[in-house]
Amino acid sequence: MSTQPSSGVVLRRSTRALTVATHSTEVQPPIVPPPPPTPKVVSVKRKRTVVEATEIVEATSQVSDAEQSPKKKRTKKAKAVVDTEEFQESPSKPKRKRQPKPEPMYVIPDVEKKKTTFKGRLGYACLNTVLRNKKPASETVFCSRTCRLDSIKKNGLDFVKDLARKNVEDLLTVIQWNEDNNIRFFRVSSEIFPYASHDKHGYSLNYCSELLAKAGALARKYGHRLTTHPGQFTQLGSPKPAVVEASRRELAYHTEMFELMGMGSDSVMIIHGGGVYDDKEGTLKRLKGSIKNLSPNVRARLVLENDEMCYNAEDLLPICEELDVPLVFDYHHDQLFPSSIPPKTIIERANAIWKRRGIKPKQHLSEPRPGAVSLMERRAHADRCENLPPDLPDDMGKEIGAKDKEQAVLYLHRMYDLQPVVHASLRPANPNPSMRTNGRKASPKKPSAKAIKKQAEKRGLDDSDASDLTDCPSEDEELPVEEEEDAGEEA
DNA sequence: CGTCGTCAAGGACGC
DNA sequence: GCGTCCTTGACGACG
């Protein structure tokens, strides 16, 4: 288990992952994109032909493209083309077809102008939709590549470490994009180093120290603030020691990342209070104990945030004040699960802690989708935010939680005239956002794969049918469970 | 390239 | 107790 024998053979499965991974590693270091206000960020890594550099740029040129450019595409595609259209198979033939596909012309409506006294910075979380959606797929830029445990078992630990390296390489691109677009506050995905805190497949980030240092240097050069938000599995108040230990590892890995990046004390890690376990007081005590037990460098970056289900700001403030742990105030969560204390007071008390600690304050802002009624619906983030709250201190960092990510920030920048925006970076809002919280939910489906799996496990253990089950000796769990990750997410 | 079921980890809630 | 949801995203098998 630990250290899977990384079989020498790299099974190439999933062409997709593969391409990504490979590109990443063997291509020359992408790194720092071009100059400043370049809207089109033509990307960096490209290894095959040159061709598309142009197409990305504008929609207009397309027309004659086909005939005039003999050079055409990458082998793979060319081949595909040939396959499908055999009839015109002439050797000398400069194959046409494969139109690069026009970059859509975006129509960006004007925004309503609003006023604010806010002078702080707005940021977003984890994912940049412009970079993520670059086409072709080999051009995409994002920092949350991951894989399945099976892939680690098959391909070895280096497989996942390479994915993470690519994530960090892309982080450089994202930071540069943010700078070019006047966004200087960003939450790094908690999945940037997948499985780094896993008990069996965890790994140190040292192998990546050079690249991390480079990313950190770039962020500091531009004065960007980077934060992170470990996921919902981080449960410092759990009565189960193993869960608390896993949470501690998770926090330690995020701390290690920021340290290798050379980030200062403003680079904090935000977590929620976690579950209640039918005993809020007792849990808060455990939470407090766990925080006290954290190593000083981890604790130095720890920050709590009110959530919408279990611990509101009022629940957390006493702990925060006693232990000097800053509180990120989330407006949306506070609406769903209000404190008896008014927001204004909460914010004042929270700001006092931030100030005492010498860390720039931070808040989360998001809005429920328009028309949301049920609690579930109201929990989901709207695509964008329409309003900034009043009376914000100038040094406040506001992370905007919205489906449209950086677009939501640019939208606010425009409405409130907070920062100049690069027009080419703008994308139109979805005219009719759906209410469903997310994709597949009501699928009729069969019994549920997990239920089946669970049963199977159970059965396996009982029968002790030797068929397979090589491992899983003891640690079964009380309540398996699974579900997703957060991709960093959260409010 | 698109579609779709599933995915490390906890836990709350509806039924 | 089981199924479903979690601020949402990505993998990876398959067509």
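Below, chains carry the letters A, B, ... as their sequence lines are ordered, and counting in each starts from 1.
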| field | Non-neighbouring partners of A:K280 that pass salt bridge (charged side-chain N to carboxylate O under 4.0 Å, His left out), sequence neighbours left out | value | A:D315
| task | Between C:dT7 and B:dC13, how far apart are the P atoms? Round to whole Å, please. | result | 16 Å
| Interatomic distance where CG belongs to A:N312 and P belongs to C:dT7 [whole Å] | 20 Å
| query | NZ of A:K200 versus C1' of B:dA9: gap in Å, rounded? | reply | 12 Å
| What nucleotide, of B:dA8, C:dG9, C:dA10, holds the atom closest to the side chain of A:Y195? | B:dA8
| For A:I152 and B:dA8, what is the distance between atoms CD1 and C1' respectively, to the nearest whole Å? | 9 Å
| A:H198 side-chain proximity, nearest of B:dC1, C:dT7, B:dA8 | B:dA8
| note | Of the listed C:dA10, B:dG10, C:dT8, the closest approach to the A:R148 side chain comes from C:dA10
| said: With the six-membered base ring of B:dG10 as reference, does the ring of A:F233 sit under 5.5 Å away with planes under 30° apart? | reply: no
| task | Look at the side chain of A:H381 and the backbone N and O of A:S366, then say whether any donor-acceptor pair between them is shorter than 3.5 Å. | result | no
| Counting side-chain heavy atoms from CB outward, which of C:dG12, B:dC1, B:dA8 is closest to A:S197? | B:dA8
| Which residue, A:K405, A:K403, A:E406, forms the side chain to side chain donor-acceptor pair (under 3.5 Å) with A:T129? | A:E406
| task | Provide the distance between the two C1' atoms, one in C:dT4 and one in B:dT6, to the nearest whole Å. | result | 15 Å
| Can A:N297 and A:T255 be counted as having a side-chain donor-acceptor contact under 3.5 angstrom? | no
| query | Looking only at side-chain N and O atoms, does A:H333 come under 4.0 Å of OP1 or OP2 in C:dT7? | reply | no
| said: In this structure, how many angstroms lie between the C1' atom of B:dA8 and the CD atom of A:E245, rounded? | reply: 16 Å
| query | Which nucleotide in the set C:dT7, C:dG12, B:dA9 lies at the smallest distance from any side-chain heavy atom of A:E308? | reply | C:dT7
| message | What is the distance, to the nearest angstrom, from the NE2 atom on A:H272 to the P atom on C:dC6? | response | 15 Å
| message | C:dA10, OP1 or OP2 - any side-chain N/O from A:S144 closer than 4.0 Å? | response | yes
| said: By the 4.0 Å heavy-atom rule, please label A:S247 as base, sugar-phosphate, or nothing. | reply: nothing
| query | Would you say the side-chain atoms of A:T227 and A:R187 include a donor-acceptor pair closer than 3.5 Å? | reply | no
| request: State, without any angle test, whether A:E305 and A:H364 hold a side-chain donor-acceptor pair at a distance under 3.5 Å. | output: yes
| said: Can you confirm if the NZ or CZ of A:R249 lies within 45° of the ring axis of A:Y253 and under 6.0 Å from the centre of its six-membered ring? | reply: no
| task | Kindly express the pairing pattern of DNA chain B in dot-bracket notation, using | wherever a base pairs with another strand and counting only Watson-Crick or G-U pairs under 3.5 Å. | result | |||||||..||||||
| task | Write down the distance between CG (A:L127) and C1' (C:dA10), rounded to a whole number of angstrom. | result | 11 Å
| request: For A:D330 and C:dT7, give me the distance from atom CG to atom C1', rounded to whole Å. | output: 9 Å
| task | Can you tell me, in whole Å, how much space there is between the P of B:dC4 and that of C:dT8? | result | 22 Å
| Whole-Å gap separating C1' (C:dC6) and NE2 (A:H229) | 12 Å
| message | On the six-membered ring of A:F185, is A:K398 placed so that its NZ or CZ lies under 6.0 angstrom from the centre and within 45° of the ring axis? | response | no
| Have A:Q363 and A:Y331 got a donor and an acceptor in their side chains that come within less than 3.5 Å? | yes
| query | Can you name the nearest heavy-atom pair linking A:P428 to A:Y106, along with the distance? | reply | CD-CD2, 3.5 Å
| said: Measuring from the side chain of A:Q235 (C-beta onward, heavy atoms only), which nucleotide among B:dG10, B:dA8, C:dC11 has the closest atom? | reply: B:dG10
For nucleotides 12-15 of chain B, print each protein N/O atom paired with a nucleotide N/O atom at under 3.5 Å, atom names and distance only.
residue	atom	partner	partner atom	Å
B:dA12	OP1	A:V276	N	2.3
B:dA12	OP1	A:Y277	N	3.0

| Expressed as a whole number of Å, how far does the P atom of C:dG9 sit from that of B:dG10? | 23 Å
| query | Do A:D404 and A:Y124 have a side chain donor and acceptor closer than 3.5 Å? | reply | no
